Amino acid sequence: MTAATRINDFVIKIATVNGTGSASANTLLMKSIFRSGIPVMGKNYFPSNIQGLPTWYEIRVSKDGYVARSGKVDIMVCMNAETYARDVREVAAGGYLIYDSTWPRPALLKRDDVTVIGVPLARLCNENFKGVRTRILMKNICYAGVLAALLDLDVERIRELLAETYAKKPALIDSNMQAIQLGYDYAKANYTCPLALRVEKMNSTAGHVMIDGNTAAGLGAVYAGATVAGWYPITPSTSLMDAFKSFADKLRIDPETKRANFAFIQAEDELAAIGMVLGASWNGARSFTATSGPGISLMNEFLGLGYYAEIPAVVFDVQRVGPSTGMPTRTQQCDLLAAAYASHGDTKHVCLYPANPEECFYMAVQAFDLAERLQTPVLVLLDLDIGMNDWMCRDLKWDDSYVPDRGKVLDREALEKIDKFYRYLDKDEDGIPYRTFPGVHPKGAYFTRGSGHTQLGTYTEDAVEYQRVLDRLLRKFATAKRLVPKPVIERDTRNDAAIVSIGSCDGAVREALDVLAARGVRLDYLRVRGFPFGEEVEKFLEEHAVVYVVEQNRDAQLRSLLTLETRVEKSKLRSLLHYSGLPVSSAFIVDGVLADRAEGRRAVAGEAS
């Protein structure tokens, strides 16, 4: 079966072995497509061990700019004998399968509905390179050359990318280019090039950049004015802290003394890390940490202290699959409830939910402003898909007139004008008291208490005084509803059904909405961007009879939050739950909505009969 011609609209999946250098080849392919002006996304599915287990990389080429998994594979590159059978099954009818024909694989020829392309990659590299390790690495680069020929990619553009990547190691440029040329020339000599699935230059990537969410969030923390980072390494958040350190090393150096004017501290565990952050914030520094689900579990006690003692802090939670250790290199949205209610007792935390790396950058800045304005920990919940995968995003913009919002802080002049300072007194009836920094003025001194305290800041176990402070904290949470990022709302027409979603589901939802509309099913859409939920969310839920809640966890955590924190009638919320560890696809959402609507029609037909 021959594939119909499709230009700039297909999916490539590359099956390799972890630790064989395939990441460089895959990134090279994706960036060369991006440099050709074609919208593209790349998703890496890799194991949590260091080397030897199966890994896959998925590249979606989409002239329409879709950034989610489509749910199918058009071109499969089989480089791992262990997963051949699985990889062959995954190819869509009419697709292509590329494999290393150095060793015969007759089982690959059993599908009549795909085109099999054999290239003796190992033989080509064994004949042209020396050393076992070099040959393994070059074999992966060689398949990039094969794909360049089959897809009609510009080889010179690949050469430019190699020159940028290995600018300080020119010998690597020559060897990598040699491997690419070997694969390219073999494909050209032995197969019809290009394939029916191929690329053509576009101009749809101008004003865009390829970036991952952890890098964008780390950059946002620098621009927000963060000067203290306390952390403990954990996948998949480590690269966020690496990015912050890399940017701070360039941008947080005193021009006169040449000394760093930031602190980057690796703690002994996550509890110590958040403790350092709270201590630095109490002293007036903008401070943060980054972690994942297991770290949030360990931080619970100090997050409760930050909430009750009213100390600003920012926590980036790059969510991964749980429970327990779970699958550290797979994605999920399984910390929604844990983050919103972290710690024992009555706690409610402000949370932000970016949908892509672009929002990671801007929400990082918002998180620091909110934390100081509200005097409370703020959690930014991205996930592994956003944090560690490359996304095509609009160029990041910055307003040089930005001034950090430090909130209600009494300086020396203000303290000298008052008779007495009361740390937890709500003078403005918005639930937010005034605070001071240590050492500014004797009048500003107070005890920072995680134990029971009055609005005046004194210790208490009096029931009335305790409840007065707890009720004020609830008023502050109500104030936060007006300050967190507003939801994104898109209406088609006056529909009675809608989708509500969160975070990285956004790309899949948007594509699903287009597919459903083409099939005559039109839905409104709301994407939650902040917690607590504002009136806009309440109103949207009230306006629709059926609301599909799309999220990536087993236990419907977003649906639970909506049920707990809004007036919505629970029965109108229909969950579409994706929790395999792979990013949600648009096909999953389309199938879920259509199945629910078909079931509804059957139920109505049953009642009528």
Side-chain angles (χ1 to χ4, degrees), residues 212-218 220-221 224 226 229-244 267 269-271 273-274 277-278 287-304 306-307 312-343 347-357 359-361 363-364 366-368 370-371 376-389 484-485 502-505 528-531 551-553 555 557-558 561 581:
D212 65 82
N214 283 352
T215 299
W231 71 300
Y232 183 79
I234 182 172
T235 301
S237 70
T238 298
S239 61
L240 192 158
M241 303 304 288
D242 290 342
F244 173 79
D269 56 33
E270 287 88 350
L271 184 61
I274 188 62
V277 169
L278 290 170
S287 313
F288 77 102
T289 189
T291 188
S292 191
I296 293 295
S297 297
L298 290 170
M299 292 179 184
N300 262 238
E301 183 177 357
F302 272 174
L303 285 172
Y307 173 83
V314 172
V315 179
F316 293 95
D317 177 9
V318 189
Q319 299 169 92
R320 72 188 208 190
V321 170
S324 189
T325 303
M327 295 192 292
T329 57
R330 294 290 187 267
T331 196
Q332 250 182 29
Q333 297 171 321
C334 52
D335 299 344
L336 303 183
L337 289 171
Y341 303 120
S343 191
T347 53
K348 291 185 178 184
H349 295 291
V350 174
C351 298
L352 307 185
Y353 310 112
N356 51 54
E359 287 195 339
C360 288
F361 174 75
M363 284 191 180
Q366 290 175 298
F368 283 98
L370 285 169
T376 195
V378 172
L379 293 91
V380 184
L381 277 73
L382 51 159
D383 57 38
L384 184 145
D385 183 24
I386 298 174
M388 296 193 70
N389 285 323
V484 298
I502 192 169
S504 63
C505 297
V528 172
R529 299 205 305 152
F531 178 78
E551 53 186 308
Q552 298 183 77
N553 58 72
D555 294 340
Q557 295 186 31
L558 175 58
L561 272 179

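Every heavy atom of this structure was used, including side-chain atoms; hydrogens, water molecules and symmetry mates were not. Sequence positions, counted from 1, serve as the residue numbers for this chain. This structure is a prediction, so every number in the text was calculated from the model and none was measured.
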So Leu303 and Val315, side-chain contact (heavy atoms from CB on, under 4.5 Å) or not? Walk me through it. CA-CA 10 Å; Leu303 285 172; Val315 179; 4.2 Å; yes

With Met241 as partner, the option from Phe288, Phe316, Tyr232 fulfilling side-chain contact (heavy atoms from CB on, under 4.5 Å) is Phe288

Which pair of non-hydrogen atoms, one from [X] and one from [Y], has the smallest distance, and what is that distance?
{"X": "Met363", "Y": "Pro354", "result": "SD-N, 3.5 Å"}
{"X": "Gly218", "Y": "Phe244", "result": "O-CD1, 3.7 Å"}
{"X": "Pro236", "Y": "Ser239", "result": "O-OG, 4.3 Å"}
{"X": "Leu271", "Y": "Ile274", "result": "O-CG2, 3.2 Å"}
{"X": "Val380", "Y": "Ala367", "result": "CG2-CB, 3.6 Å"}
{"X": "Ala267", "Y": "Ala273", "result": "CB-N, 3.6 Å"}

In Å, rounded to the nearest 0.5 Å, how long is the span from [atom1] of [X] to [atom2] of [Y]?
{"X": "Tyr341", "Y": "Leu336", "atom1": "OH", "atom2": "CG", "answer": "11.0 Å"}
{"X": "His349", "Y": "Phe531", "atom1": "NE2", "atom2": "CZ", "answer": "10.0 Å"}
{"X": "Leu382", "Y": "Asn214", "atom1": "CG", "atom2": "CG", "answer": "6.0 Å"}
{"X": "Leu384", "Y": "Arg330", "atom1": "CG", "atom2": "CZ", "answer": "8.5 Å"}
{"X": "Met327", "Y": "Gln332", "atom1": "CE", "atom2": "CD", "answer": "7.0 Å"}
{"X": "Asp335", "Y": "Gln557", "atom1": "CG", "atom2": "CD", "answer": "7.0 Å"}

> Would Leu381 and Gln333 satisfy side-chain contact (heavy atoms from CB on, under 4.5 Å), going step by step from the backbone distance to the final call?
Replying inline: CA-CA 8 Å; Leu381 277 73; Gln333 297 171 321; over 6 Å; no

Given side chains that start at C-beta, do those of [X] and [Y] come closer than 4.5 Å, heavy atoms only?
{"X": "Arg320", "Y": "Ile234", "value": "yes"}
{"X": "Pro485", "Y": "Leu352", "value": "yes"}
{"X": "Arg529", "Y": "Glu359", "value": "yes"}
{"X": "Pro357", "Y": "Ile386", "value": "yes"}
{"X": "Leu561", "Y": "Val528", "value": "no"}

Is the side chain of [X] donor-acceptor paired with the backbone N or O of [Y] at a distance under 3.5 Å, no angle test?
{"X": "Ser343", "Y": "Asn300", "result": "yes"}
{"X": "Ser292", "Y": "Val318", "result": "yes"}
{"X": "Thr289", "Y": "Gly230", "result": "yes"}
{"X": "Thr347", "Y": "Ala342", "result": "yes"}
{"X": "Glu270", "Y": "Leu298", "result": "no"}

